Trainee: 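Let me give you the structure first, and then I'll get to my questions.
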Amino acid sequence: MLIMVSSTFDQRVFSLVSRVPKGKVTTYGEVARALGMRSPRAVGQALKRNDRPISIPCHRVIMSDGRIGGYMGCERSGRKARLLGKEWVTVKNGKIDLRRYFFRLKGA
DNA sequence: GCCATGGCTAGTA
DNA sequence: GCCATGGCTAGTA
């Protein structure tokens with residue numbers, strides 16, 4: 001494993017998102033906060049540039065109101081919800097219960 | 001530098 | 001409304 005001297009924004013986002021364990025989710029805003037940033041949208045933009053969707057679980061990053069949010073360019077494909085379902089994170093009425101599944105990230 | 005682009009959000013109504 | 005990113009120019013040298 002190479003030591004990263006300077007991390008690009010994307011890499012820092014990916015690294016943080018990789019810490020979210022199976023069975024939990026976090027939000028775009030939470031990732032931004034942990035990075036000391038103020039732009040949840042920038043986080044979303046970084047995630048869509050994720051080229052390794054398998055090792056970097058961007059399906060575990062959702063909207064702050066519990067809605068699923070986008071995934072691989074398609075919000076309605078059901079792909080994201082299906083992946084979450086496999087991890088026993090249930091979607092009810094289009095929403096995930098953040099009280100139950102929210103994973104708080106430590107600061108970067 | 002400027003400007004469009006969002007996988008969004010806090011806070012109204 | 002926000003605001004970080006990234007792509008793309010005009011305008012210097």
Side-chain angles (χ1 to χ4, degrees):
Chain A
M1 170 62 180
L2 223 67
I3 297 180
M4 221 65 80
V5 196
S6 70
S7 263
T8 68
F9 175 72
D10 285 9
Q11 287 166 338
R12 301 205 305 145
V13 170
F14 297 160
S15 152
L16 220 43
V17 167
S18 305
R19 294 187 203 167
V20 181
K22 197 181 289 190
K24 291 285 180 183
V25 297
T26 191
T27 67
Y28 300 101
E30 171 68 1
V31 175
R33 189 198 57 76
L35 286 173
M37 306 221 111
R38 278 242 283 327
S39 180
R41 305 194 82 153
V43 171
Q45 297 196 96
L47 289 181
K48 88 174 161 192
R49 282 177 232 123
N50 174 16
D51 51 345
R52 324 190 237 312
I54 306 181
S55 58
I56 300 162
C58 39
H59 62 283
R60 294 182 194 144
V61 187
I62 67 171
M63 300 208 254
S64 66
D65 64 356
R67 298 204 318 273
I68 297 286
Y71 186 69
M72 308 219 66
C74 186
E75 183 151 4
R76 300 178 319 208
S77 72
R79 180 87 203 282
K80 191 168 178 177
R82 195 154 48 249
L83 284 170
L84 287 167
K86 283 181 163 184
E87 305 177 353
W88 302 105
V89 174
T90 56
V91 184
K92 215 168 158 184
N93 299 324
K95 291 208 179 178
I96 286 169
D97 183 2
L98 281 169
R99 307 289 273 193
R100 182 169 175 185
Y101 298 107
F102 183 69
F103 181 76
R104 169 143 190 148
L105 292 163
K106 299 288 188 182

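None of the values given here were measured: they were computed from a predicted structure. Chain naming here is simple, since letters A, B, ... match the order of the sequence lines and numbering starts at 1 in each.
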Trainee: Nearest-Å distance, CG (A:Leu16) to P (B:dG7)?
Mentor: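 Distance, rounded to whole Å: 19 Å.
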Trainee: To the nearest Å, give me how far apart CZ (A:Arg67) and C1' (B:dG6) are.
Mentor: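 Going from A:Arg67 (CZ) to B:dG6 (C1'), I get 15 Å.
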Trainee: Mapping A:Ser39 and A:Asp10 onto DNA chain C by nearest heavy atom, which one lands closer to the 5' end?
Mentor: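 Closest to the 5' end, via its nearest nucleotide, is A:Ser39.
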Trainee: I need the CZ-C1' distance between A:Arg33 and B:dA10, as an integer number of Å.
Mentor: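 From A:Arg33 CZ to B:dA10 C1': 16 Å.
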Trainee: Are any of A:Lys48's side-chain N or O atoms less than 4.0 Å away from OP1 or OP2 of B:dG6?
Mentor: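 Answer is yes, contact under 4.0 Å.
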Trainee: Could you tell me whether the phosphate oxygens of C:dG6, OP1 or OP2, come under 4.0 Å of any side-chain nitrogen or oxygen in A:Arg49?
Mentor: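 Answer yes for this pair, as a side-chain N or O of A:Arg49 is under 4.0 Å from OP1 or OP2.
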Trainee: Find the distance A:Asp65:CG to B:dC8:P and express it as a whole number of Å.
Mentor: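 Computing the A:Asp65:CG to B:dC8:P distance gives 10 Å.
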Trainee: Given that both distances must come in under 3.5 Å, which nucleotide forms a Watson-Crick or G-U wobble pair with C:dG11?
Mentor: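 Base partner found: none.
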Trainee: I want to verify a distance call: between B:dG7, C:dC3, C:dG6, whose nearest atom is closest to the A:Leu47 side chain?
Mentor: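 Of B:dG7, C:dC3, C:dG6, B:dG7 is nearest to the side chain of A:Leu47.
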Trainee: Are OP1 or OP2 of B:dT9 and a side-chain N or O of A:Ser64 less than 4.0 angstrom apart?
Mentor: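 Looking at the OP1 and OP2 atoms of B:dT9, one of them is under 4.0 Å from a side-chain N or O of A:Ser64.
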Trainee: Taking CZ from A:Arg41 and C1' from B:dC3, how many angstroms apart are they, rounded to a whole number?
Mentor: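 So the two atoms are 15 Å apart, to the nearest Å.
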Trainee: In Å, rounded to the nearest 0.5 Å, how long is the span from NZ of A:Lys24 to CZ of A:Arg104?
Mentor: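 The NZ atom of A:Lys24 sits 13.5 Å away from the CZ atom of A:Arg104.
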Trainee: With respect to the side chain of A:Tyr71, which nucleotide from C:dC2, B:dT9, B:dG7 is positioned closest?
Mentor: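 Looking only at side-chain atoms, A:Tyr71 lies closest to B:dG7.
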Trainee: Distance check needed: C:dC3 P versus A:Phe9 CZ, whole Å only.
Mentor: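 To the nearest whole Å, that distance equals 14 Å.
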Trainee: How long is the span from the CD1 atom in A:Ile56 to the CG atom in A:Asp10, to the nearest 0.5 Å?
Mentor: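 Output value for this atom pair is 9.5 Å.
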Trainee: To the nearest Å, how far apart are A:Ile96 CD1 and B:dC8 P?
Mentor: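 Atom CD1 in A:Ile96 sits about 14 Å away from atom P in B:dC8.
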Trainee: Do A:Tyr28 and B:dG7 share a donor-acceptor pair, side chain to base, under 3.5 Å?
Mentor: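 Under the 3.5 Å cut-off, the side chain and the base do form a donor-acceptor pair.
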Trainee: Can you measure A:Leu98 atom CG to B:dC8 atom C1' for me and round it to whole angstrom units?
Mentor: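 Rounded to whole Å, this separation is 14 Å.
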Trainee: Does A:Arg67 pair with A:Asp65 as a salt bridge, N-O distance under 4.0 Å?
Mentor: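 Salt bridge between A:Arg67 and A:Asp65, a charged N being under 4.0 Å from a carboxylate O: yes.
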Trainee: Using a cut-off of 4.0 Å on non-hydrogen atoms, how would the nucleic acid contact of A:Gly69 be classed: base, sugar-phosphate, or nothing?
Mentor: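 Nothing, no nucleic acid heavy atom in range.
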Trainee: Is the shortest side-chain N/O distance from A:Arg38 to OP1 or OP2 of C:dC3 below 4.0 Å?
Mentor: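 Yes, such a contact exists.
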Trainee: Are any of the side-chain nitrogens in A:Glu87 or A:Arg60 under 4.0 Å away from the carboxylate oxygens of its partner?
Mentor: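 Judged by the 4.0 Å cut-off on N to carboxylate O distance, A:Glu87 and A:Arg60 do form a salt bridge.
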Trainee: Near A:Arg33 CZ, under 6.0 Å, is it more than 12 heavy atoms from other residues, nucleotides or ligands?
Mentor: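 For A:Arg33, atom CZ is crowded (more than 12 foreign heavy atoms under 6.0 Å).
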Trainee: Both distances under 3.5 Å, Watson-Crick or G-U wobble: report the partner of B:dC3, or none.
Mentor: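 B:dC3 is paired with C:dG6.
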